[in-house]
Amino acid sequence: MAELLSLEEAVARLVHDGDTVALEGFTHLIPVAAGHEIIRQRKRDLTLVRMTPDIVYDQLIGAGCARKLIFSWGGNPGVGSLHRFRDAVQHEWPVPLEIEEHSHAGMANRYVAGASGLPFAVLRGYTGTDLPAQTATIKPITCPFTGERLTAVPALNPDVSIIHAQRADRGGNVQLWGITGVQKEAVLAAKRSIVTVEEVVDELDPRPGAVVLPAWVVTAVAEVPGGAKPSYAAGYYERDNSAYQAWDEVGRDREEFTKWLNELTGVTA
Amino acid sequence: MSAGYTSDEMMSVAAARALGDGMSCFVGIGLPSKAANLARRAHAPNLTLIYESGCLGAKPSRLPLSIGDGELADTADAVISVPEVFNYWLQPGRIDVGFLGAAQLDKFGNINTTVIGSDYHDPKVRLPGAGGAPEIAASCGEVFIVLRQNPRAFVEKVDFVTSFGHGTGKGDREKLGLPGRGPTLVVTDLGLLRPDPETAELTLTQLHPGVDLDSAVAATGWKLKVSDDLETTPAPTEQELTLLRDLEKASA
């Protein structure tokens with residue numbers, strides 16, 4: 001059953017050095033506050049997983065929390081590149097970053113396999129591209145019924161998946177709506193999960209098209225109003241596009257970034 | 001510009017014109033999204049826009065900055081999960097056109113958005129990566145590509161094949177069993193390129209008004225083939241320009 005914890009306690013208890021951690025969100029409902037808490041607690045050697053690593057992953061990578069990134073598109077949406085990610089891949093700063101690179105279709109199916117309790121997923125993907133030559137987790141497979149050549153990708157089963165949702169009730173049942181990406185699959189695929197929410201309410205009134213994660217598949221719920229900013233939470237606040245644009249300047253420069261990091265952690269390096 | 005419009009405006013208008021009414025289009029962010037939204041306003045009110053964030057039939061009133069903006073979800077016929085987008089809608093070939101951008105494009109329409117440089121593990125520039133593009137390029141009925149033409153972007157051979165176009169020439173897609181027809185049109189700020197029916201090599205078939213052939217050749221990193229019946233793109237109409245500028249103003 002989901003426990004209601006503070007974000008600090010949830011991260012301290014459930015995220016360990018060396019873990020495979022997925023913080024999922026597709027433009028909408030990105031668990032930014034949880035990412036910052038991981039940085040503050042100086043977690044190390046994480047394998048970070050996400051389809052669309054954006055600025056909070058740039059920050060985690062720049063802060064030296066990650067040794068590996070499993071992903072399919074790493075950029076600042078609508079703005080450009082992630083400079084901390086680039087610096088880590090091109091210059092191993094602040095630490096080397098191993099990458100395991102997929103397409104969106106591949107990553108989505110890896111989570112589906114993980115959520116389904118299967119060892120791998122099958123798709124029609126990657127054909128003709130240079131990705132299979134660089135990524136060991138993309139393999140050809142032959143359909144046993146038709147003989148068609150398809151692609152297999154292994155299940156993703158993170159140690160911890162972290163998502164942000166609009167609401168939870170006091171029993172720890174979680175409700176999210178709008179663009180919900182691959183968050184349901186990420187939580188169901190994981191061994192443990194943390195859900196940060198805009199608010200904890202007495203009762204979840206039904207919403208059309210909402211995803212509900214019952215309390216018994218969630219490990220911890222933490223109430224963190226504004227926990228997805230500068231991304232957005234439908235029904236609560238809009239995306240702060242200017243913050244994404246402003247990150248380009250900060251992320252571009254190691255010194256500027258270090259200043260930002262010191263402000264976040266309250267530590268002067 | 002003396003013509004009363006910019007080369008980028010010409011590019012967006014030309015790209016929009018390629019989309020017919022009633023088509024379904026898997027839309028990449030940036031230039032493709034701008035063109036697709038212009039098309040829906042100008043001549044294709046029944047164009048279905050599909051964004052990989054899960055927005056099916058989005059009708060945004062302004063251009064989204066990112067692929068998952070609230071505006072897309074709020075105006076969509078349905079918002080579905082990301083696995084559903086790729087597995088139920090894209091993979092079975094339900095979508096007519098994939099509309100993509102590129103960092104690098106080669107003469108057979110192969111797209112690179114992964115790394116610049118020949119060593120994947122020690123790249124000159126690390127780019128964002130694949131996103132949805134490899135499967136969009138494989139499974140949509142056909143693919144349109146829009147990007148500005150210059151020798152750094154238009155290369156003889158891409159450093160990394162992120163999304164497969166026509167490989168090394170005609171017949172490669174069939175050999176690999178790729179369901180869609182692949183890139184059938186490239187729209188740039190200088191003109192239009194289409195694959196040669198015999199070789200699949202991208203060939204200049206159209207120049208935008210006021211662009212001379214030499215500058216198009218100079219902006220191409222391979223020896224550009226030119227169609228025997230090279231045409232001139234009709235200039236943007238007043239209506240197209242007004243709609244485009246209104247769209248950009250609403251999005252600023």
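In what follows, chains are A, B, ... by sequence order, proteins preceding strands, each numbered from 1.
- Proximity to chain B is limited to the side chain of A:Tyr232, based on heavy atoms less than 4.5 angstrom apart.
- Highest contact tally toward chain A, considering only B:Gly132, B:Ser33, B:Cys55, is held by B:Gly132 [criterion: heavy-atom pairs under 4.5 Å].
- Summarising the geometry of A:Trp73 relative to B:Ala130, their closest heavy-atom pair is CD1-C, 4.3 Å, with the distance given to 0.1 Å.
- Checked by atom type and distance alone, the side chain of A:Asp130 never pairs as donor or acceptor with a backbone atom of B:Phe160 at under 3.5 Å.
- With a 4.5 Å cut-off on non-hydrogen atoms, B:Ile29 does not touch chain A at all.
- Side-chain contact annotation: A:His104 with B:Glu135, donor-acceptor N/O pair under 3.5 Å absent.
- A pairwise comparison of heavy atoms in B:Ser66 and A:Pro77 identifies CB-CB, 3.5 Å as the closest pair.
- Contacts with chain A were tallied for B:Ser53, B:Gly177, B:Gly129; B:Ser53 has the most, counting heavy-atom pairs under 4.5 Å.
- Ionic pairing of B:Arg126 and A:Glu101 is present here: one or more N-O contacts between side-chain nitrogen and carboxylate oxygen are shorter than 4.0 angstrom.
- For the pair A:Arg86 and B:Val125, the minimum side-chain heavy-atom distance is below 4.5 Å.
- One N or O on the side chain of B:Gln91 and one on the backbone of A:Arg124 form a donor-acceptor pair closer than 3.5 Å.
- Contact annotation for A:Arg239: only side-chain heavy atoms (C-beta onward) come within less than 4.5 Å of a heavy atom of chain B.
- Top candidate by heavy-atom pairs under 4.5 Å with chain A, chosen from B:Pro134, B:Gly131, B:Ala78, is B:Gly131.
- When heavy atoms are compared at a cutoff of 4.5 Å, A:Ile99 approaches chain B solely by way of its side chain, counted from C-beta outward.
- Note: B:Asp69 leads B:Val79, B:Asp69, B:Leu176 in heavy-atom pairs under 4.5 Å with chain A.
- Counting heavy-atom pairs under 4.5 Å between each of B:Gly68, B:Pro128, B:Ala73 and chain A puts B:Pro128 at the top.
- Under the 3.5 Å distance criterion, the side-chain polar atoms of A:Gln90 are matched with a main-chain donor or acceptor of B:Lys124.
- For CH2 of A:Trp177, the number of neighbouring non-hydrogen atoms (other residues, nucleotides, ligands) closer than 6.0 Å is greater than 12.
- There is no contact between B:Glu84 and chain A, counting heavy-atom distances below 4.5 Å.
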